[in-house]
Amino acid sequence: MQKQQYRGIGSAAVAALVLVSFAMRLSTVAAGQSQSKAQTPTAEKTQTKVVLLGTGTPRPYPDRSGPATAIVVGERAYLVDFGPCVVRRAAAAAEKGTPELESTNVKTAFLTHLHSDHTAGYPDLILTPWVMGRTELDVYGPDGLEEMTKHVLEAWRQDIEIRTKGLEQRRALVVRAHDVKPGVVYKDDRATVTAFRVPHGQWPEAFGYRFDTPGKSIVISGDTSPSEEIVAHCQPCDVLIHEVYSPESVLTMPDYKTYRAKYHTSTNELAEIANRAKPGILVVYHTSGRGPNGRIPDDQLLREIQKTYRGRVVIGHDLEVY
Ligand SMILES: [Zn+2]
Ligand SMILES: [Zn+2]
């Protein structure tokens with residue numbers, strides 16, 4: 001078992017960054033299992049909610065924050081992706097009836113891939129809840145997450161030093177980043193989280209995740225072109241949260257049609273995936289769609305999907321709960 005610990009990013013005892021290798025996955029699972037034996041949660045304590053914190057893309061629509069999804073099980077919160085604006089959207093969700101998303105309660109996060117629209121909120125996720133009183137954060141994701149974490153902490157080194165050594169007297173910041181491989185990457189008495197590979201263009205590693213909680217099974221696609229893994233991991237699932245684009249949408253890049261085909265999933269392709277996966281509900285997010293005449297409306301996306309998919313489907317919006 002390999003374990004690297006960075007204590008003090010440039011300064012002893014200021015910030016602790018513990019980088020835990022893939023091998024540590026098993027110890028995390030084991031820790032979760034022993035916790036499970038210690039307490040048997042009641043049904044109320046394991047009620048599961050999916051809260052959409054960010055349903056957007058890189059395009060900064062004010063009503064669609066960067067990709068971020070919260071799974072709340074009882075009083076515990078798990079986050080998938082941390083696009084821009086993530087902490088303030090979590091605070092808004094807390095005010096709207098999900099107090100478990102108070103920023104200090106967000107202590108466990110999962111990353112689908114390192115694209116900036118999914119990670120631009122990372123310094124926010126690390127620093128803002130810490131300033132508010134949270135001390136520890138565990139983050140799981142593909143190769144490169146540990147390195148990114150180290151760089152974020154280094155970039156904010158002066159802030160961390162002044163807040164911990166100065167009059168603010170903040171407790172040491174602890175972030176444990178885990179580069180993980182597909183499989184069960186996390187387990188406690190509320191949730192089992194399985195990562196699986198999805199194809200996302202030139203990214204060497206991008207994940208989707210499946211959450212199994214006492215009340216629900218949830219699959220999140222992350223960014224992906226049509227993937228058999230999504231179908232395989234939703235057999236069955238209660239909620240499938242999947243990205244989409246409209247074939248009518250356009251992008252300002254030289255060969256956007258080729259790019260799209262390799263990186264993302266069209267409405268037609270998503271309908272085919274959903275017909276095979278048969279989720280209880282399909283929640284569409286990461287909706288990229290700007291047509292020649294401006295933003296492609298939700299009802300058009302819905303119509304395109306429903307041409308061949310007859311199951312329950314919604315176009316998701318920020319702060320909706322499923
Ligand atoms: Zn994206
Ligand atoms: Zn992406």
Side-chain angles (χ1 to χ4, degrees), residues 50-71 79-87 89 109-125 139-145 147-149 152 179-180 182 195-209 218-227 229-230 233 240-247 249-267 269-270 273 282-290 295-296 298 301 305 315-318 320:
V50 178
V51 185
L52 305 181
L53 297 180
T55 57
T57 63
R59 188 176 293 280
Y61 287 129
D63 58 329
R64 288 199 183 274
S65 205
T69 307
I71 313 293
L79 182 67
V80 179
D81 286 339
F82 20 84
C85 212
V86 58
V87 174
R89 279 293 201 261
F110 301 86
L111 178 65
T112 60
H113 64 301
L114 292 150
H115 247 154
S116 57
D117 52 322
H118 299 249
T119 52
Y122 198 22
D124 194 18
L125 174 66
V139 192
Y140 303 81
D143 272 353
L145 172 64
E147 192 187 0
M148 179 179 272
T149 308
V152 169
D179 285 3
V180 294
F196 53 90
R197 275 206 181 87
V198 291
H200 188 40
Q202 287 149 304
W203 283 99
E205 204 163 47
F207 292 155
Y209 287 100
I218 300 145
V219 173
I220 302 182
S221 70
D223 285 5
T224 183
S225 55
S227 165
E229 290 281 293
I230 299 280
H233 282 85
L240 171 60
I241 303 162
H242 203 293
E243 68 125 271
V244 85
Y245 71 88
S246 166
S249 63
V250 293
L251 284 175
T252 51
M253 63 176 71
D255 189 2
Y256 70 87
K257 288 190 176 169
T258 304
Y259 157 78
R260 280 243 166 105
K262 289 187 186 305
Y263 280 74
H264 294 292
T265 302
S266 72
T267 43
E269 290 165 336
L270 176 55
I273 296 276
L282 169 63
V283 179
V284 180
Y285 84 142
H286 202 280
T287 50
S288 60
R290 193 177 167 82
R295 197 165 167 173
I296 289 181
D298 289 352
L301 290 171
I305 294 166
I315 307 297
H317 300 95
D318 288 19
E320 287 176 353

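Atoms within each ligand, like the ligands themselves, are counted from 1 in listed order.
With sequence neighbours excluded, no residue forms a side-chain hydrogen bond (donor to acceptor under 3.5 Å, both in side chains) with Y61. In this structure, H242 has no side-chain hydrogen bond (donor to acceptor under 3.5 Å, both in side chains) partners at least two apart in sequence or on a different chain.
Exactly one residue among T69, T57, D117 makes a side chain to side chain donor-acceptor pair (under 3.5 Å) with H286. That residue is D117.
Between Y263 and H200, the two ring planes are perpendicular [angle over 60°; tilted spans 30° to 60°]. Ring pair F207/Y209 is perpendicular by interplanar angle, where above 60° counts as perpendicular and below 30° as parallel.
Among the heteroatoms counted here (N, O or S) of H286, NE2 is the one nearest to the Zn ion (ligand 1).
Counting only protein N, O or S atoms, 4 lie closer than 2.8 Å to the Zn ion (ligand 2).
Residue pairs satisfying the salt bridge (Lys or Arg N to Asp or Glu O under 4.0 Å) criterion with at least one member in residues 254-266, sequence neighbours excluded, are absent.
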